[in-house]
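For reference, the structure discussed in these notes is given below.
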Amino acid sequence: MAPKADSSAEGIVLNFVNEQNRPLNSQYVADYLQKFNLKKAAVQKALDTLADTGRISFKEYGKQKIYIARQDQFDIPNNEELNRMKEENASLQQQLQEQKKAIGEVEGEIRTLQSNLTLEQIWDREAKLRKEVKEIEDKLEKLRGGVTLVRPEDRKAVENMYSEKLSQWRRRKRMFKDLWDAITENSPKDLKEFKVI
């Protein structure tokens, strides 16, 4: 593993280059390290100093410099360690999939349980539905028995109110017609012009 860096600009830049362990240009490093209040000039100077002292490598492509962490400072696992890491990774991936599956099953069961009614809610709903069914059956029984649901005096009152409203409407209609005829009797305009408003 790369050595730990100090809190100076060079140390911060060296630590970042070693953590990334891939080709980097100065702009990318400067953009990433803005959170440490390092400007591009300071980052460029630190990169050049680190490259000059041999703590990192660089390659030039025209005017562009690409900086790379030195690979000899990292522990490179041999084939046996690499195979062991791969097996461990595969084992962890399998455990992760099993855990995700178990979590999915538990969440599904929780959703199912939350969507079900409690025993008290079921009893309340049953009582309410039984009451509604009883009321509807009573009403149906009355209708089947030939019992009139409206009393004769109520029916008579409604019929009287209807005939009174109808006669008022006819009287008002007649009054409007008389006024309309009086207004339009000697009018030179077409009657359709008056009606469209």
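None of these values were measured; they are calculated from a predicted model. Each residue takes its place number in the sequence, starting with 1. Keep in mind that the numbers below use all heavy atoms, side chains included, and drop hydrogens, waters and symmetry copies.
Residues in residues 91-115 take part in no salt bridge (Lys or Arg N to Asp or Glu O under 4.0 Å) pair, two or more places apart or across chains. Residue pairs meeting the salt bridge (Lys or Arg N to Asp or Glu O under 4.0 Å) criterion with at least one member in residues 50-61, sequence neighbours excluded, do not occur.
By the salt bridge (charged side-chain N to carboxylate O under 4.0 Å, His left out) test, Glu88 is found to be paired with Arg84, residues two or more places apart in sequence or in another chain being considered. For Asp72, the side chain to side chain donor-acceptor pair (under 3.5 Å) partners are Arg70, not counting sequence neighbours. Asn83 pairs by the side chain to side chain donor-acceptor pair (under 3.5 Å) definition with nothing, not counting sequence neighbours. Annotation: side chain to side chain donor-acceptor pair (under 3.5 Å) contacts of Asp154 (sequence neighbours excluded): Arg151. Every residue two or more places apart in sequence or in another chain that forms a salt bridge (charged side-chain N to carboxylate O under 4.0 Å, His left out) with Glu159 is listed here: Arg155. Qualifying salt bridge (charged side-chain N to carboxylate O under 4.0 Å, His left out) partners for Lys63, counting only residues two or more places apart in sequence or in other chains: none. When the side chain to side chain donor-acceptor pair (under 3.5 Å) test is applied to Gln93, no partner is found at least two apart in sequence or on another chain. Every residue meeting the salt bridge (charged side-chain N to carboxylate O under 4.0 Å, His left out) condition with Arg130, not counting sequence neighbours, appears here in chain and number order: Glu126.
Closest approach of Gln71 to Ala69, counting heavy atoms only: NE2-O, 3.0 Å.
Here the CG atom belonging to Leu129 is positioned 12.0 Å from the CD1 atom belonging to Ile122, to the nearest 0.5 angstrom. In this structure, the separation between CG on Asn89 and NZ on Lys86 is 10.0 Å, given to the nearest 0.5 Å. Considering CG of Leu14 and CD of Glu19, their distance stands at 10.0 Å, rounded to 0.5 Å. How far CZ of Arg172 is from CE of Met175: 7.5 Å, rounded to the nearest 0.5 Å.
Other residues, nucleotides and ligands place more than 12 heavy atoms under 6.0 Å from the CD atom of Gln121. More than 12 heavy atoms of other residues, nucleotides or ligands sit less than 6.0 Å from atom CD of Glu132.
The hydrophobic cluster around Tyr162 extends to Leu166, Trp169, counting ILVMFWY residues whose side-chain heavy atoms fall within less than 4.5 Å of a member.
Taken together through direct or relayed side-chain contacts under 4.5 Å among Ile, Leu, Val, Met, Phe, Trp and Tyr, Phe58 and Ile56 form part of one hydrophobic cluster.
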List the steps and the verdict of side-chain contact (heavy atoms from CB on, under 4.5 Å) for Asn160 and Lys156.
CA-CA 6 Å; Asn160 288 340; Lys156 182 77 171 163; 3.9 Å; yes
Determine, stepwise, if the pair Arg174 / Asp178 fulfils salt bridge (charged side-chain N to carboxylate O under 4.0 Å, His left out).
CA-CA 6 Å; Arg174 193 172 37 249; Asp178 292 343; 5.7 Å; no
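Residues Gln168 and Arg171 form a side-chain contact, since some pair of their non-hydrogen atoms from C-beta on lies under 4.5 Å apart. Residues Asp138 and Lys134 meet the side-chain proximity criterion, which asks for heavy atoms closer than 4.5 Å. Counting only heavy atoms from C-beta outward, the side chains of Glu87 and Ser91 never approach each other to under 4.5 Å.
For Asp181 and Lys177, the salt-bridge test passes: some basic side-chain N is under 4.0 Å from an acidic carboxylate O.
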Name each donor-acceptor pair under 3.5 Å that joins a side chain in residues 22-49 to protein atoms two or more places apart or in another chain, with its distance.
from  : atom 1 : to    : atom 2 : distance (Å)
Arg22 : NE     : Gln20 : OE1    : 3.1
Arg22 : NH2    : Gln20 : OE1    : 3.1
Arg22 : NH2    : Tyr28 : OH     : 2.8
Asn25 : OD1    : Gln27 : N      : 3.4
Asn25 : OD1    : Tyr28 : N      : 2.8
Ser26 : OG     : Gln44 : OE1    : 2.9
Gln27 : OE1    : Lys40 : NZ     : 3.0
Gln27 : NE2    : Asp31 : OD1    : 2.8
Gln27 : NE2    : Asp31 : OD2    : 3.4
Gln44 : NE2    : Asp48 : OD1    : 3.2
Gln44 : NE2    : Asp48 : OD2    : 3.4
Gln44 : NE2    : Tyr67 : OH     : 2.9
Asp48 : OD1    : Tyr67 : OH     : 2.8
Thr49 : OG1    : Lys45 : O      : 2.8

